[in-house]
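Structure record follows, encoded as structure tokens.
Just so it is clear: chains get the letters A, B, ... in the order the sequence lines come, proteins before strands, and each one is counted from 1.
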2 protein chains.
Amino acid sequence: MQCNQFLNRMFSKACEYGIKAAIFIALKSYQGERVSLKDIAAKINSPEAFTAKILQKLAKNNIVNSVKGAAGGFEIEKHKIASIQLAEIVDAIDGDSIYIGCGLGLNKCSEDHPCPVHHKFAAVREELKKMLESTNLEELALGIKSGASYLRT
Amino acid sequence: MQCNQFLNRMFSKACEYGIKAAIFIALKSYQGERVSLKDIAAKINSPEAFTAKILQKLAKNNIVNSVKGAAGGFEIEKHKIASIQLAEIVDAIDGDSIYIGCGLGLNKCSEDHPCPVHHKFAAVREELKKMLESTNLEELALGIKSGASYLRT
DNA sequence: TTTAATTCGGACAATTTTATCCTATTTAAT
DNA sequence: ATTAAATAGGATAAAATTGTCCGAATTAAA
């Protein structure tokens, strides 16, 4: 069935592109450079028009600044980079749903009325949440800068 | 964008239905009862025809037995119930992809050439994997039987 | 002021996932 | 044998996600 859930893909494609785009923009912003959609899509290996939609979301959520017109592009204020959590990017693109939703899709699932996997998954989800909230854009950008990690292929 | 990834939905719908169906079948099998697709769909609140496809996968993966004809239905051999891991059900439906795939969709992502979130996500994924592999159908079915957990609403 | 580079945003298209329909096949019971 | 109750499975449809196209708006620079 080739489903694209957690085991296959931790994030939606939109999220993947959004995270990588934000990292690249942060990296360039540290160098005082503004980057165009075209450059971003090329660097992170993503479809340009689709990436544009995602950047619009990041802009509307005040994660990146967009500048229209010639010599325009995207940037992030340097002083903000270290304070932007991975969780914020994910929330901007996928919505703030880390706190809600049942692992098995029950409409009503709580401590009082749990689904069969409620407690077991709560632990994993909590760990993911903590990780997203304790990871910021700065450290991810520094990883790229130092050559410790990569944005494509 | 309302994407249906981890934060929204840990599993695909297909997986959700498959897990719940397996739990219900296990529960009934303990009582020596075989259950029909119709009963399963009603109890787990899932679309019948779609659930049928998923049960076919579980049957082909030898997780459940299907019996055709009048008085047919689905069942799981009692002695197997405790040995069926959640991970097996997920694998049967979504494929064995827990060990592969990059959090950010890189084609090549490894210790040598990691994506920016490689190490952070590896930890979370590993925990999920362990949880799936250490949870079996029996305990989930017993939770339902004892009233400690629920399959719907 | 014109041009070129750029983002914005609406409409549309392709793909994947989810869901439905219908016929064939199997099997217990009459 | 016939019938009724089931699963199997192919074809199709609907919905969600992903991806594309294009004109409008904006802005720096010639």
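With hydrogens and angles disregarded, a donor-acceptor distance shorter than 3.5 Å links the side chain of B:Asn61 to the backbone of B:Lys57. Of the possible polar contacts, one joining the A:Asn136 side chain to the A:Glu138 backbone as a donor-acceptor pair under 3.5 Å is found.
Between B:Leu58 atom CG and D:dA8 atom P the separation is 11 Å, expressed in whole Å. For the pair B:Lys60 NZ and D:dA8 C1', the computed distance is 8 Å after rounding to whole Å. Residue B:Leu55 contributes atom CG, which lies 15 Å from atom C1' of C:dA19 at whole-angstrom precision. Between the C1' atom of D:dA8 and the CG atom of B:Asn65 lies a distance of 16 Å, rounded to the nearest Å. Atom CD1 in B:Ile93 sits about 14 Å away from atom P in C:dT17, given to the nearest Å.
A:Ser66 pairs by the side-chain hydrogen bond (donor to acceptor under 3.5 Å, both in side chains) definition with nothing, not counting sequence neighbours. Remark: A:Lys120 pairs with B:Thr135, B:Glu139 by the side-chain hydrogen bond (donor to acceptor under 3.5 Å, both in side chains) rule, at least two apart or across chains. With sequence neighbours left out, B:Glu127 forms a salt bridge (Lys or Arg N to Asp or Glu O under 4.0 Å) with no residue at all. Residues satisfying the salt bridge (Lys or Arg N to Asp or Glu O under 4.0 Å) criterion with A:Glu75, sequence neighbours excluded, are A:Arg34. Annotation: ring pair (Phe, Tyr, Trp, His ring centres under 6.0 Å) contacts of B:Tyr17 (sequence neighbours excluded): B:Phe50. Partners of B:His113 according to the ring pair (Phe, Tyr, Trp, His ring centres under 6.0 Å) rule, which considers only residues two or more places apart in sequence or in another chain, are A:Tyr150.
The side chain of A:Ser66 lies closest to C:dC8 when the candidates are C:dC8, D:dA8, D:dT18.
Among pairs with a residue in residues 144-153 of chain A, none fulfils salt bridge (charged side-chain N to carboxylate O under 4.0 Å, His left out), at least two apart in sequence or across chains.
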Can you give one letter per nucleotide of nucleotides 19-27 of chain D, 5' to 3': B if a protein heavy atom sits under 4.0 Å from the base, S if only from the sugar-phosphate, - if neither?
BBB----BB
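An OP1 or OP2 oxygen of D:dG9 is reached within less than 4.0 angstrom by a side-chain nitrogen or oxygen of B:Gln56. Residue A:Lys57 places no side-chain N or O under 4.0 Å from the OP1 or OP2 atom of C:dT7.
Listed by residue number, there are no residues of residues 21-42 of chain A with a heavy-atom contact under 4.0 Å to DNA chain D.
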